[in-house]
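Below is one structure, written out as C-alpha cells; comments come after it.
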Amino acid sequence: MEPEEPVIIQELTGRITVYTIPGCLYCIRTKAHLTSMGLPFIEVDIKQNSMIHQQIVQLTGRLTVPQIYFNNIHVGGNNDLMNLSEDELTTLINIVKNEPIPPDAPPIPHPEMVEKEEPVEEELKSKRDEYADLVMEFKQSGIIGNHWSCLKIHQHTFSGKKLVNWLMEYKNLDKAAAIEMARELTDRKFLNPLNGKRFENSEALYRLVEHDSASSLNSGVTAEYNTDSACQHSETMRDLMLKLFSEHITPDGKFVDYKSMVRSPIFEEYCQLATQLQRFDFENLTRKEKLAFFINVYNALVIHGNIKQGPPKNMWQRYKFFSSVSYVIGGEVFTLQDIENGVLRGNRKGIAQMMKPFSKGDPRLKATLEEGEPLIHFALNCGVLSCPPIKTYSAQEIDKQLKISAEAFLDGPDGCQVDMSKKEVRVSQIFTWYKVDFGGTDEKLLNWIIEHIGDSPKKKALQELLHQGNVKITSIPYDWSTNSKD
C-alpha cells in the first residue's frame, strides 16, 4: 500500500519560521518533517543574517540550530519538534492556520538584509608564487626519476647537485645563486629533503612536495598559489564542501550521494584549493587558528576520502581509511588519525593505537596543540550516522562555536540520554573511547557533561542524579552505518 501524500496547506494566516545554517543535518530533517506534514515555512539562513542570528540567540537563549517558531511560540530544535505530542502539534498548527502573525513574532530578513557571500575562492587563488613557473619547468626537465639509496629505491627524486646544475645551465645562475635559489624552494615547501636536513649541493636526494605522498588526495599537482590566511583558506574549503554536501544529501537529511559529487564543478574547485595546502606554514598558527584550520580540513578530508575511495564498510576498512586518507600540509603528510589524535588531542594515542601519532623529532609536532581540546569530538564528522553534524569553524569564534556544537550534540538523543527511574545516564561511545579527555572518571565525565549541556529538563535531571549519587553510566550503541546513499 502506497503512503498517503501529505495534505498541503496552501496558505497560513500566521507563519512557521525555521532558523538554519547550510549543511546542518538537523535543519534538513526539520524541513523534511514539516514538508511531510504539508506545512509551509519560512527558512532563515542565520549565516547570511548575523544580526538576526544574535536576536534569535537573545530570544531563545540557545546557540544551536535549527530554532523553530510557530508565530511567536518557540518550539525549540529538531528534537523538540519531533517530541511534541499529537495534541501539542495540532494546537500549534491551528494557531498558525487561524491566527495572524503577532507583532512579537521572531524576525525575518528583508532582501536587502541578506549578507552576500564574497567570491573568496578567486581571492585565495590570486597570489601566484613567483617560483611556480620555475618548478613547472623543472618537472619537465627529465631530471626527476628513481634513485637508489641504502638498498632502497626512492621514486620521483633528484639530487641536490643535479638541481643546482640545472639552475646554473638553464637559468644562467652562478653556483652560489643557484644554491640559494634551491634553498628558497625548500623554504617555500616546493621540495623536501629525504634526510630532513637543509638543502645541500650534494648527492643527497630531494623530492617535490607534490610527489612526497602519491596516495595523498591533494598530491600530484603543483601548489602554485600563496595565501595570507590558512584559516580563511580552510573555511572556504569547508564552505565549498558544505555546498557540495547540501546539493547531494537526501531530503530527509540522512544520506549523502558521494558518487555523484565527483562530477560536480564545486568538487573540482574544491580540489584546486586542497592542492594549496601542500605549502601552508602551520608552525606559526595560534591555538585558535590550529583548531579552526585542522577541524575544517579534517571534515573536508573525510568527504574527499568518501568521494574518491568510497565509504568504509567494516571495522578493518574504517581503520585503514582513517590511517591512510591524507593531505600533504606544509610539506608533511597528515592522515585523519594524525589530525585528530596528533594535532587536536595534543598527540595522544587514539583508539587501537599502541603509540602516539608523532614521535620525538617529528616535524608535525609543531602543529600539535599544547593541550588537547575535548570539544573537538563534537566538531569532527567521520561520515557515519552517529557522528555530530558538519559545520564550518572560524578562528575568531572557534571556542564559542565548539561549545555550540557540544551543546547541540548533548541535547540530542545520540549524545546523552537520562533515565531517572533507573538512575542511569546513557552517553555516546565517544565518551567511552576518549574518557581520558573528559577527566578520566565517571564523576568528572558527568560534571563535564553538565557544564556543557544547554539549560533543559535533561540538564536538571543530570544534576539531580549526580546529587543523589550511585549513577550508572552506560553507552549508547554507536551507529557505524555509513551516511552514503548506497
Side-chain angles (χ1 to χ4, degrees), residues 20-29 47 64-66 78 217 234-235 237-250 252-258 261 267 270 274 291-312 317-318 321-323 325-327 334-341 343-345 350-351 373-394 398 401-415 428-431 433-434 437 476 478-485:
T20 68
I21 59 172
C24 166
L25 296 184
Y26 297 119
C27 300
I28 294 170
R29 291 168 189 169
K47 189 171 182 185
T64 57
V65 288
N78 179 65
L217 296 181
S234 74
E235 287 176 48
M237 288 174 58
R238 195 70 201 94
D239 284 341
L240 282 176
M241 272 301 186
L242 277 172
K243 289 180 185 177
L244 193 64
F245 201 81
S246 298
E247 290 181 5
H248 294 84
I249 197 166
T250 54
D252 59 8
K254 292 182 178 179
F255 299 103
V256 185
D257 186 356
Y258 290 107
M261 282 185 177
F267 179 63
Y270 171 85
L291 278 169
F293 175 77
F294 280 102
I295 289 171
N296 287 332
V297 168
Y298 179 99
N299 287 334
L301 178 54
V302 168
I303 297 177
H304 198 165
N306 279 324
I307 293 171
K308 298 298 288 185
Q309 298 186 14
Q317 288 183 6
R318 281 194 294 273
F321 184 90
F322 288 97
S323 300
V325 170
S326 65
Y327 280 149
F334 287 83
T335 66
L336 290 164
Q337 288 273 28
D338 294 333
I339 294 174
E340 179 179 9
N341 300 307
V343 176
L344 298 172
R345 295 185 63 234
I351 301 172
E373 174 52 74
L375 289 169
I376 60 104
H377 294 296
F378 314 105
L380 301 180
N381 184 288
C382 59
V384 299
L385 294 182
S386 279
C387 281
I390 53 172
K391 299 174 185 174
T392 303
Y393 295 86
S394 64
I398 185 64
Q401 290 168 337
L402 288 177
K403 288 177 182 177
I404 291 172
S405 294
E407 182 179 318
F409 186 68
L410 291 168
D411 188 49
D414 293 333
S428 166
Q429 284 190 289
I430 288 173
F431 293 105
W433 296 325
Y434 301 102
D437 294 0
I476 300 169
Y478 205 78
D479 191 347
W480 283 107
S481 304
T482 175
N483 60 12
S484 175
K485 186 178 177 181

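Position 1 is the first residue of the sequence, and the numbers go up from there.
- The closest donor-acceptor contact from the side chain of Asn299 to the backbone of Ala379 lies under 3.5 Å.
- Using a 4.5 Å heavy-atom threshold, the side chains of Leu375 and Leu291 count as separate.
- The ring of Tyr393 has its center no closer than 6.0 angstrom to the ring center of Phe378.
- For Glu373, the salt bridge (Lys or Arg N to Asp or Glu O under 4.0 Å) test picks out Arg287, with sequence neighbours left out.
- Ile430 has its side chain within reach of Phe409: a pair of non-hydrogen atoms, C-beta onward, lies under 4.5 Å apart.
- Gln401 places a side-chain N or O within 3.5 Å of a backbone atom of Ser394 that can act as its donor or acceptor partner.
- Asn381 and Tyr298 get closest at one heavy-atom pair: O-CE2, 3.9 Å.
- Aromatic ring orientation, Phe267 versus His304: perpendicular (interplanar angle above 60°, classes split at 30° and 60°).
- For the pair Val343 and Asp338, the minimum side-chain heavy-atom distance is 4.5 Å or more.
- Between Tyr434 and Glu340 there is a side-chain heavy-atom pair separated by less than 4.5 Å.
- Minimum interatomic distance between Ala292 and Ser234 (heavy atoms only, all atoms of both residues): O-OG, 4.0 Å.
- Contact of the Ser323 side chain with the Leu336 side chain is not registered, since no non-hydrogen atoms from C-beta on lie closer than 4.5 Å.
- Looking only at distances, a side-chain donor or acceptor of His248 sits under 3.5 Å from a matching main-chain atom of Leu244.
- When the salt bridge (Lys or Arg N to Asp or Glu O under 4.0 Å) test is applied to Asp437, the partners found at least two apart in sequence or on another chain are Arg345, Arg348.
- Note: Ile303 CD1 to Arg238 CZ = 4.5 Å, rounded to the nearest 0.5 Å.
- Atom CG in Leu301 sits 13.0 Å away from atom NZ in Lys308 (nearest 0.5 Å).
- Between atom CD1 of residue Ile28 and atom OG1 of residue Thr20 there is a gap of 9.0 Å, rounded to the nearest 0.5 Å.
- Going from atom CZ of Phe321 over to atom CD of Gln309 covers 6.0 Å, rounded to the nearest 0.5 Å.
- Here the side chains of Leu380 and Ile339 are not in contact, with every heavy-atom distance at 4.5 Å or above.
- Applying the side-chain hydrogen bond (donor to acceptor under 3.5 Å, both in side chains) rule to Asp411 yields no partners; only residues at least two apart in sequence or on another chain are considered.
- Minimum interatomic distance between Ser428 and Asp414 (heavy atoms only, all atoms of both residues): CB-O, 3.3 Å.
- Between Tyr327 and Leu217, some side-chain heavy-atom pair lies under the 4.5 Å cut-off.
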